[in-house]
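Heads up: the structure comes next, in structure tokens.
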Amino acid sequence: MRTITLVFPILLAGLLSCRPMKKEVDLIVANGVIYTMNDTCPVAEAFAVKDHRIAAVGNRREIINKYRSDHVIDLNGRFVYPGWIDAHCHFHGYSLTLGEAALAGSSSPEEIIALITEHHRKYPATWLTGRGWDQNDWEVKEFPDKAMLDAHFRDIPVMLRRIDGHAAWVNSKALEMAGITSSTRVEGGDVIIKNGEPSGILIDNAIDLVGSLVPSADSSDVVNALLRAEENCFSVGLTSLHDAGLGSDIIEIIDALQKEGRLKMRINAMLSPSEENIRKYVEKGPVQNDYLTIGTIKLYADGALGSRGALLTEPYTDDPGNRGLRLTPEEDLIRYCKKAFEKNFQVATHCIGDEGNRMMLKIYSDILGGRNDRRWRIEHAQIIHPEDIPLFGIFNIVPSVQPTHATSDMYWAEERLGRERMAGAYAYKELLGQNGWIPAGSDFPVEDINPLYGFYAAVARKDFEGYPEKGFLPENALSREEALKSMTIWAAMAAFEENLKGSIEPGKLADFVITEKDIMAVPEEEIFKVRVTETYSGGEQVYRKGE
């Protein structure tokens, strides 16, 4: 007996010492449906987070048995997705609009006058600015003119940008300050003339004549605007953004805020093609950290379809003398592309019209020379001649699309283009087939910041009222899985960030979104109504519904 009593505690201790100790982690998320975007484990029940990264993913029992944490999120059957990524937006531009008159959804010029009058009463300033009007939403679908603005604002300059940013409505005071007359000519832009004088509508590069006079926000205002914009983006589940065209001054502010821990939004900062940006960034080669990627030059081939600035191979059906605008001289486009190729930078070019797309596809093809992994991007890829679509696959050119553009434009696009050209318009499914992947964004503030609006548009090809019944050009709708990949892993790939983010798998940043309803299973008409309940960046909660 004595021997047994001595041996038993030793055996028990030995057995206990063989039991694996649970690993300490910062956070455990369990008991839900987790869409990982990892094809080898597409759906999981739980994951663990350590040092801002995913430590492990698996079923609930595996994670709970292997890890422990003082912080556990019990999902109670809720749904988790990788942090949503907007592959093309204007984050800084959006932040500035938060201080301007909001004109989106306005139904007439008279309503706009009321909106800007009230805005100026609340926020008096030396300039009256706003954004969001769209003449296609009005009963009379024509550009307004300066007369109505002059009647209410004679002594203060007014500049109101169209929803797409490619046209502006200004008053006589603004025209006078900019020195714009009936003889003013602008390469890549247009001053619309009416009754022998400027009408008050400026197209594309002509906007800069007035826009350059608007006082710039000081650095503290820029910081506050960015932080406010970030809050809004987190509330809809966005954790990363591709900001399509920034100067070094804004990039430096963003970088400083991120390093201070004040700005947690992860940003792929595309460079505006200035000589300063070339010298400061491009010549040194791409850079990337957990929060900031700098590796892309953003170019403009043409304007927008809504303002008839998109460059077409044949004239507009509803404006026979007009083929649109080439915003950047072709020799400059070639020069920037060659510099990017030399320094291993991406190029991302705004292309709307079929001629704009054709021009850039040829430039890209000539420089890339064949199959490659440069991931040069065509932003929007909106109207493409069917003969040109295979070039995306042949030269591995990435179509970067914005699904809500299709459902915003569907009411009038055929009037601009005619039925025949619609065959290559908003062709997301066909474009997806070229390389097997396609990133998606919103182009906000042109469209709403909510990525689920784009998800719904990609899948349903309908507006919020369910029109059209069978969807707009439904053959080019994406599946729900494809649409989710386009705003997660494929959006990450578009910035060479797929090893950092875009899926919930070990080693990647712990960016994720929680919803109460499942966007992969709810009825189609409910997709855009689903709300985010929590958003996490690096395992840290950055948004909670109701807070």
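Hydrogens, waters and symmetry mates play no part in the numbers below; they use all other heavy atoms, side chains included.
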| task | Apply the test side chain to side chain donor-acceptor pair (under 3.5 Å) to residues S442 and D86: give CA-CA distance (whole Å), side-chain angles for both, the deciding distance (0.1 Å), then the verdict. | result | CA-CA 7 Å; S442 67; D86 193 310; 2.6 Å; yes

| query | Any side-chain heavy atom of I378 sitting closer than 4.5 Å to one from I397? | reply | yes

| Heavy-atom side-chain contact between L417 and L305 under 4.5 Å | yes

| request: Decide side chain to side chain donor-acceptor pair (under 3.5 Å) for E447 and H405; before the verdict, give the C-alpha distance in whole Å, the side-chain angles of both, and the deciding distance to 0.1 Å. | output: CA-CA 8 Å; E447 304 282 0; H405 283 350; 3.0 Å; yes

| request: Determine the minimum heavy-atom distance between H52 and G538, stating which atoms define it. | output: ND1-O, 3.0 Å

| request: May I have the step-by-step check of ring-ring contact (aromatic ring centres under 6.0 Å, His included) for F464 and F528, ending in yes or no? | output: CA-CA 8 Å; F464 292 162; F528 62 89; 4.1 Å; yes

| task | Before accepting this row, confirm whether a basic side-chain N of the pair R421/E414 lies closer than 4.0 Å to the acidic partner's carboxylate O. | result | no

| Do V287 and T293 have side-chain heavy atoms sitting under 4.5 Å apart? | no

| Ring centres of F472 and Y426 under 6.0 Å apart? | yes

| With under 30° as parallel and over 60° as perpendicular, where do the rings of H88 and H90 fit, or are they tilted in between? | perpendicular

| task | Ignoring hydrogens and angles, state whether a donor on the side chain of D448 or N450 is under 3.5 Å from an acceptor on the partner side chain. | result | no

| query | Taking atom types as modelled and ignoring hydrogens, do the side chains of Y543 and K545 form a donor-acceptor contact shorter than 3.5 angstrom? | reply | no

| field | Heavy-atom pair with the smallest gap, counting every atom of L325 and L311 | value | O-CB, 3.8 Å

| request: Run the salt-bridge test on D354 and R358 with the 4.0 Å N-O cut-off and return the result as yes or no. | output: no

| Minimum heavy-atom distance between K264 and Y291, given as atom pair plus value | O-CE2, 3.3 Å

| Which value, rounded to the nearest 0.5 Å, describes the distance between M265 atom CE and C233 atom SG? | 4.5 Å

| request: Flag the pair H350 / H166 as yes when their ring centroid distance falls below 6.0 Å, and as no otherwise. | output: yes

| field | Heavy-atom side-chain proximity of L299 to T328 below 4.5 angstrom | value | no

| message | Against D290, only a single residue in K501, R266, R53 fulfils salt bridge (Lys or Arg N to Asp or Glu O under 4.0 Å); can you say which? | response | R53

| task | Start with the C-alpha gap between Y81 and D518, add the side-chain angles, then the distance that decides, and say whether side chain to side chain donor-acceptor pair (under 3.5 Å) holds. | result | CA-CA 10 Å; Y81 316 85; D518 186 1; 3.2 Å; yes

| request: With side chain to side chain donor-acceptor pair (under 3.5 Å) as the test, would you mind laying out the steps for N136 and R416 before giving the verdict? | output: CA-CA 11 Å; N136 296 307; R416 296 279 195 277; 3.2 Å; yes

| Side chain proximity check, P286 to I294, heavy atoms < 4.5 angstrom | no

| remark: side-chain contact (heavy atoms from CB on, under 4.5 Å) test vs F392 passes for just one of I438, L431, L432, namely L431

| query | Taking the side chain as C-beta and beyond, is there a heavy-atom pair between K508 and E505 under 4.5 Å? | reply | yes

| request: Answer yes or no: is there a side-chain heavy-atom contact under 4.5 Å between M520 and F455? | output: yes

| task | Mind listing the closest non-hydrogen atom pair of N357 and I352 along with its distance? | result | ND2-O, 3.3 Å

